[in-house]
Participant: 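Got a structure for you, written out below as structure tokens; questions coming shortly.
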Amino acid sequence: MKLILLGPPGAGKGTQAEALARRKGLIQLSTGDMLRAAVKAGTEIGQKAEAVMKSGGLVSDEIVIGIIAERIGQPDCANGFILDGFPRTLKQAEALDQLLISRHTGLDQVIELKVDDTALLSRIENRARETVAAGGTVRADDNAEALKTRLWAYYRETAPLIGYYFAQGKLRQVDGMASISEVAQQIDALLEGGEKMSQN
Ligand SMILES: Nc1ncnc2c1ncn2[C@@H]1O[C@H](COP(=O)(O)OP(=O)(O)O)[C@@H](O)[C@H]1O
């Protein structure tokens with residue numbers, strides 16, 4: 001199964017992708033996590049990405065497409081994966097389609113987590129507060145200014161993907177404002193429906 005979780009920053013993609021990957025035995029591919037690891041390791045990609053990530057802007061298509069192309073070619077991805085944070089631009093979506101076509105496969109479903117815009121800021125502020133309370137390190141881009149840039153990038157660059165996948169008949173939507181477990185149940189219901197459809 002090859003899935004995309006789509007939604008604005010703070011929508012809960014990471015939380016749901018991780019839990020879903022565990023439930024279904026799929027690989028979670030988060031470009032945000034991969035880029036943060038590259039920054040931490042000080043690789044060439046990390047050095048290129050660090051400043052733009054910190055400001056809340058988007059890393060270049062070339063870099064993220066390269067990372068994903070390399071990763072989905074690895075054997076552990078053969079059974080399926082959940083993309084979280086990729087694609088984020090139409091160019092990335094088209095590159096992904098081409099990559100999958102060249103592997104004689106394609107996406108099963110794109111699940112959009114629909115959330116109330118005004119709830120996002122407080123969610124991210126809470127995430128930063130809880131992390132500090134737990135003694136952890138807050139992400140460099142979890143502050144009001146970078147969040148505004150991330151939201152802006154989402155609406156300008158990523159939201160058009162909703163139309164792109166709707167036109168492909170792949171788009172499904174869940175209510176991202178529901179509790180974590182309710183969202184997970186909605187996703188499971190969609191996936192069960194999809195499996196039944198593909199058996200017919
Ligand atoms: N597919 C991508 N294209 C461009 N930049 C990306 C991509 N994925 C992650 N990034 C960079 O990493 C940052 C953090 O990504 P992520 O962890 O997915 O955050 P969010 O909580 O905003 O969904 C983004 O703001 C962006 O700078």
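Every number for a ligand or one of its atoms is a count from 1 in the order of the listing.
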Participant: For Asp108, give me all partners under side-chain contact (heavy atoms from CB on, under 4.5 Å), at least two apart in sequence or on another chain.
Facilitator: Met1, Lys2, Leu3
Participant: Under the side-chain contact (heavy atoms from CB on, under 4.5 Å) rule, collect the residues that match up with Ser179, sequence neighbours excluded.
Facilitator: Ser181, Glu182
Participant: Using a 4.0 Å cut-off on heavy atoms, what residues surround ligand 1? Order them by chain and number.
Facilitator: Pro9, Lys13, Thr31, Gly32, Leu35, Arg36, Met53, Gly57, Leu58, Val59, Val64, Gly85, Phe86, Arg88, Gln92, Arg127, Arg139, Asp141, Arg150
Participant: Has the side chain of Gln109 got a donor or acceptor atom that lies under 3.5 Å from a matching backbone atom of Lys170?
Facilitator: no
Participant: Quick check: is Leu58 connected to Ile4 through a chain of hydrophobic side chains (ILVMFWY, heavy atoms under 4.5 Å apart)?
Facilitator: no
Participant: State which residue, out of Leu113, Leu83, Ile111, Ile162, fulfils the side chain to side chain contact (heavy atoms under 4.5 Å, CB included) condition with Leu6.
Facilitator: Ile162
Participant: Identify each donor-acceptor pair in which a side-chain atom of residues 66-75 lies under 3.5 Å from a protein atom, sequence neighbours left out, and give them as a table.
Facilitator:
from, atom 1, to, atom 2, distance (Å)
Glu70, OE1, Gln74, NE2, 3.4
Glu70, OE2, Gln74, NE2, 3.4
Arg71, NH1, Gln74, OE1, 3.1
Arg71, NH1, Asp76, OD1, 2.9
Arg71, NH2, Asp76, OD2, 2.8

